[in-house]
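Everything numeric here is computed off the predicted structure, so don't read it as measured data. Reckoned from all heavy atoms, side chains included, excluding hydrogens, waters and symmetry mates.
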Amino acid sequence: QVHLVESGGGLVQPGESLRLSCAASGTAFSIGTMGWYRQAPGKQRELVATISSASSTNYTDSVKGRFTISRDNVKYTVFLQMNSLKPEDTAVYYCNAEFRDLGLRSRDSWGQGTQVTVSS
């Protein structure tokens, strides 16, 4: 299976930036769309951004123009560059990957989450 590990979270002030990374390891035939989700206290987990294997991207409206998702298909890593951070961006951020296992079955995997706190 595919194991995902996020890194890069932390505490920043409003207007500052963070870059999250998510590295995939394990076994798979291929990795398809990858994405970032977040969950704030008392709220449902929401989609932040996705990127396909061909690098087509989609963003939720609240982060458009501020966040950029990218991927490195050699290092099996997806990134989330977060600029102009706002307090409402505070959440645990989770990485997700869709993949086919060695039997060509469609599956997905989640990372453990990394905390992003934006506070003055």
Side-chain angles (χ1 to χ4, degrees):
Q1 63 177 349
V2 171
H3 183 226
L4 303 177
V5 178
E6 301 103 330
S7 62
L11 173 64
V12 297
Q13 295 186 343
E16 295 184 340
S17 299
L18 283 174
R19 191 189 194 210
L20 305 183
S21 299
C22 172
S25 63
T27 58
F29 179 80
S30 62
I31 296 177
T33 297
M34 304 182 77
W36 289 94
Y37 295 71
R38 66 187 181 187
Q39 187 167 23
K43 296 184 178 180
Q44 294 281 92
R45 185 176 298 188
E46 67 170 342
L47 175 66
V48 177
T50 62
I51 182 166
S52 74
S53 59
S55 296
S56 296
T57 59
N58 286 287
Y59 301 89
T60 192
D61 286 344
S62 63
V63 308
K64 287 180 179 177
R66 299 188 298 121
F67 291 9
T68 302
I69 188 170
S70 60
R71 66 190 289 165
D72 184 331
N73 290 330
V74 175
K75 297 182 177 180
Y76 309 106
T77 302
V78 63
F79 306 94
L80 186 67
Q81 178 67 45
M82 304 185 295
N83 297 329
S84 302
L85 282 162
K86 304 175 180 179
E88 49 263 47
D89 295 318
T90 296
V92 177
Y93 283 70
Y94 297 91
C95 177
N96 173 263
E98 298 177 343
F99 68 98
R100 289 185 178 270
D101 64 19
L102 297 182
L104 301 183
R105 293 168 293 191
S106 296
R107 297 190 171 191
D108 65 3
S109 182
W110 292 89
Q112 82 287 350
T114 185
Q115 178 71 48
V116 172
T117 302
V118 185
S119 177
S120 60

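Within the model, atoms SG of C95 and CE of M34 stand 4.5 Å from one another, a figure rounded to the nearest 0.5 Å. Interatomic distance, CG of N58 versus OG1 of T50, reported as 4.5 Å (0.5 Å rounding). S56 contributes atom OG, which lies 11.5 Å from atom CD1 of I69 (distance to the nearest 0.5 angstrom). In this structure, F67 CZ and L20 CG are separated by 8.0 Å, a value rounded to the nearest 0.5 Å. Between the OG atom of S62 and the NZ atom of K86 there is a distance of 8.0 Å, given to the nearest 0.5 Å. Within the model, atoms CG of L4 and CD of Q112 stand 9.0 Å from one another, a figure rounded to the nearest 0.5 Å.
Residues T60 and L47 have side chains not in contact (no heavy-atom distance under 4.5 Å, counting atoms from C-beta outward). Side-chain contact between Q115 and T90: present, with at least one pair of heavy atoms (C-beta onward) separated by less than 4.5 Å. E98 places none of its side-chain heavy atoms less than 4.5 Å from the side chain of S106. The shortest distance between side-chain heavy atoms of I31 and R71 falls below 4.5 Å. Side-chain contact between I51 and Y59: absent, with no pair of heavy atoms (C-beta onward) separated by less than 4.5 Å. Residues L18 and M82 are in side-chain contact: their nearest non-hydrogen atoms beyond the backbone lie under 4.5 Å apart.
No more than 12 heavy atoms of other residues, nucleotides or ligands shown are found within 6.0 angstrom of CD on Q1.
One hydrophobic cluster holds both V48 and L85 under the rule that ILVMFWY side chains link at heavy-atom gaps under 4.5 Å. Neither Y37 nor V63 shares a network with the other; the hydrophobic side chains, linked directly or stepwise wherever heavy atoms of I, L, V, M, F, W or Y lie under 4.5 Å apart, form separate groups for each.
Considering all non-hydrogen atoms of both residues, A40 and A91 come closest at N-CB, 3.8 Å. Between S17 and Q81, the shortest heavy-atom distance links the atoms CB-NE2, 4.0 Å. Closest heavy-atom contact between L80 and A49: CD1-CB, 4.4 Å. What you find for S120 and P14 is that their closest heavy atoms are N-CD, 3.8 Å.
Pairs engaging residues 24-38 under the salt bridge (charged side-chain N to carboxylate O under 4.0 Å, His left out) rule: R38-E46, R38-D89 [sequence neighbours left out].
With sequence neighbours excluded, the residues satisfying side chain to side chain contact (heavy atoms under 4.5 Å, CB included) with S7 are S21.
The closest donor-acceptor contact from the side chain of R100 to the backbone of F29 lies at 3.5 Å or more, if one exists at all. Proximity of a side-chain donor or acceptor of E6 to a complementary backbone N or O of C22 within less than 3.5 Å is not detected. In this structure, the side chain of S109 engages the main chain of V2 through a donor-acceptor pair within 3.5 Å.
Residue V5 is found outside any hydrophobic cluster, as its side-chain heavy atoms come under 4.5 Å of no other Ile, Leu, Val, Met, Phe, Trp or Tyr.
Ring planes of W110 and Y94: perpendicular class, angle over 60° (limits at 30 and 60°).
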